[in-house]
Amino acid sequence: MDSSLKGWLTKASREGFAIGAFNAVNLEMVKGIVAAAQITQSPLIIEASQGEIEYFGFRNFLSVVKNLSSETGLPIFTNLDHGKEIENVKKAIELGFDMVHFDGSDLGFEENLRASLQMVELAHQKGVLIEVEFEKIQGVSEKQEETAEEVLAKGELTDPDKAAGLLTQVKADILAVSIGNLHGVYRTAEEIDLLRLRRLAELLPCLMSLHGGSGINQEQLKEAIGLGIVKINVNTDLRIAYRQTLENVLKGSDAVKVYQLMPPVIASIQKVVEEKIKLFGSEGKAVEIERL
Ligand code: 13P
């Protein structure tokens with residue numbers, strides 16, 4: 001099998017599972033995610049969005065992920081999530097990220113199209129996988145007071161016919177689809193438009209990712225994987241676990257040894273990632289490859 005990320009996503013598409021893309025902003029988060037990959041023997045992607053990578057540092061992110069994952073020998077890949085600035089996307093491509101997500105959804109359609117074409121060419125010249133986004137996926141990765149329906153009404157869903165035409169032209173590897181999914185966790189669960197997804201799967205010449213992996217109806221999520229979603233992004237659930245665990249650790253304690261405060265936080269990240277991996281069906285997939 002082709003052991004690149006493209007090979008893994010193609011395998012996921014063929015076998016009906018999805019690869020989790022987990023956001024990480026520091027050492028504890030990467031440690032928790034890598035530990036989950038190890039215990040479940042699963043392939044996964046570790047990603048950082050623009051704000052996260054600016055905090056972490058491009059090179060720090062790459063070397064921390066590589067250092068920690070090399071000990072496992074597992075297929076762990078890197079992604080720049082929602083790269084909105086061209087310079088940042090270029091930088092990630094130059095530095096050797098396995099994939100980049102160019103997010104031009106805040107631009108006008110024509111400008112997004114132009115920039116996406118340019119970024120796809122650049123990424124492919126360097127052998128880097130690229131995801132694009134046209135209909136902006138709404139919401140932010142936080143716990144929100146609104147209902148999912150209220151936030152969804154602010155944006156547009158991906159039109160299958162239009163997207164198929166667009167992706168034939170743009171030739172990106174992955175499209176971030178807007179089918180009812182939202183960034184963040186809401187008062188009501190996000191409902192996926194499965195009929196729309198089915199049509200997208202029939203028409204699109206590329207793979208599909210599902211953003212907003214926190215707060216989605218779980219049964220629907222499994223159906224969405226069966227219909228061709230191969231990459232699922234998860235952030236809010238990790239952020240919530242991190243914060244809640246840290247608060248609990250600090251409550252009633254005046255301990256100051258950071259290396260003793262952080263292991264429960266790392267374990268909470270690991271737990272969330274393990275649960276997602278099981279839901280996405282990628283558990284044990286890395287072992288199968290070793291046996292080939
Ligand atoms: P959630 O914060 O809803 O998990 O979404 C994360 C995401 O899609 C990152 O791109």
Side-chain angles (χ1 to χ4, degrees), residues 18-25 29-30 32-33 36 44-56 61 77-85 88-89 92 97-106 129-152 154-155 157-158 172 174-192 207-218 220-221 224-225 229-244 268-269 271-277 279-280:
I19 295 180
F22 300 97
N23 287 69
V25 72
M29 294 185 91
V30 179
I33 297 166
L44 53 75
I45 296 165
I46 303 184
E47 62 183 15
S49 63
Q50 219 163 250
E52 291 167 339
I53 203 77
E54 278 163 14
Y55 172 80
F56 205 150
F61 170 80
F77 300 98
T78 48
N79 176 34
L80 175 68
D81 181 38
H82 292 285
K84 289 177 188 268
E85 308 288 336
N88 281 336
V89 178
F97 278 54
D98 295 296
M99 76 168 280
V100 290
H101 166 204
F102 170 63
D103 177 3
S105 65
D106 287 332
L129 223 61
I130 179 159
E131 174 176 341
V132 292
E133 178 171 336
F134 285 91
E135 286 76 28
K136 185 181 173 66
I137 295 145
Q138 300 295 313
V140 283
S141 292
E142 288 174 7
K143 199 162 181 202
Q144 312 275 354
E145 282 309 311
E146 292 166 282
T147 64
E149 294 75 19
E150 283 163 353
V151 180
L152 198 60
K154 295 176 188 168
L157 301 183
T158 307
I174 307 170
L175 175 66
V177 293
S178 170
I179 51 171
N181 48 318
L182 297 169
H183 295 118
V185 172
Y186 298 86
R187 269 202 288 129
T188 54
E190 296 150 46
E191 299 283 335
I192 302 292
L207 299 168
M208 291 179 288
S209 72
L210 191 74
H211 283 247
S214 312
I216 295 188
N217 174 314
Q218 297 209 345
Q220 280 203 329
L221 198 61
I225 295 167
I229 292 291
V230 292
K231 167 178 171 275
I232 303 179
N233 291 23
V234 179
N235 197 353
T236 312
D237 284 344
L238 302 176
R239 289 178 168 180
I240 292 172
Y242 193 109
R243 188 190 160 111
Q244 282 180 348
S268 73
I269 297 291
K271 183 167 175 286
V272 173
V273 177
E274 277 181 38
E275 284 165 5
K276 298 288 181 192
I277 284 172
L279 186 63
F280 300 165

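Whatever order the structure lists them in is the order used to number ligands and atoms, beginning at 1.
Judged by distance alone, the side chain of Thr147 and the main-chain N or O of Arg187 form no donor-acceptor pair under 3.5 Å.
The distance from ligand 1 to the heavy atoms of Ser141 drops below 4.0 Å at these ligand atoms: 1 (P), 2 (O), 5 (O), 6 (C). Near His82, with a cut-off below 4.0 Å to any heavy atom, the atoms of ligand 1 are 10 (O). Numbered from 1 in the order shown, with element, the atoms of ligand 1 that lie under 4.0 Å from a heavy atom of Asn23 read 9 (C).
Distances from atom 2 (O) of ligand 1 to the heavy atoms of Leu238, Asn181, Thr236 show the closest one on Thr236. Between atom 10 (O) of ligand 1 and the options Ile137, Asp81, Ile216, the minimum heavy-atom separation is to Asp81.
Using cut-offs of 30° and 60° for the angle between ring planes, the Phe61 and Phe56 rings count as perpendicular. Note: Phe22 and Phe280 have parallel aromatic rings, judged against thresholds of 30 and 60 degrees for the angle between ring planes.
Judged purely by distance below 3.5 Å, without hydrogens or angles, the side chains of Glu52 and Asn235 pair a donor atom with an acceptor atom.
The protein atom (non-hydrogen) at minimum distance from atom 8 (O) of ligand 1 is Gly212 N, 2.8 Å. Looking only at protein heavy atoms, the nearest one to atom 4 (O) of ligand 1 is Ser214 OG, 2.5 Å. Among protein heavy atoms, atom 3 (O) of ligand 1 sits closest to Gly184 N, 2.9 Å.
Residue contact annotation: Leu182 has a non-hydrogen atom under 4.0 Å from ligand 1. For the pair Asp237 and ligand 1, no heavy-atom separation below 4.0 Å is found.
Considering CG of Asn217 and CG of Asn181, their distance stands at 12.5 Å, rounded to 0.5 Å.
For the pair Leu221 and Ile192, the minimum side-chain heavy-atom distance is 4.5 Å or more. Annotation: side chain of Thr158 is not in contact with side chain of Phe134 (no heavy-atom distance under 4.5 Å).
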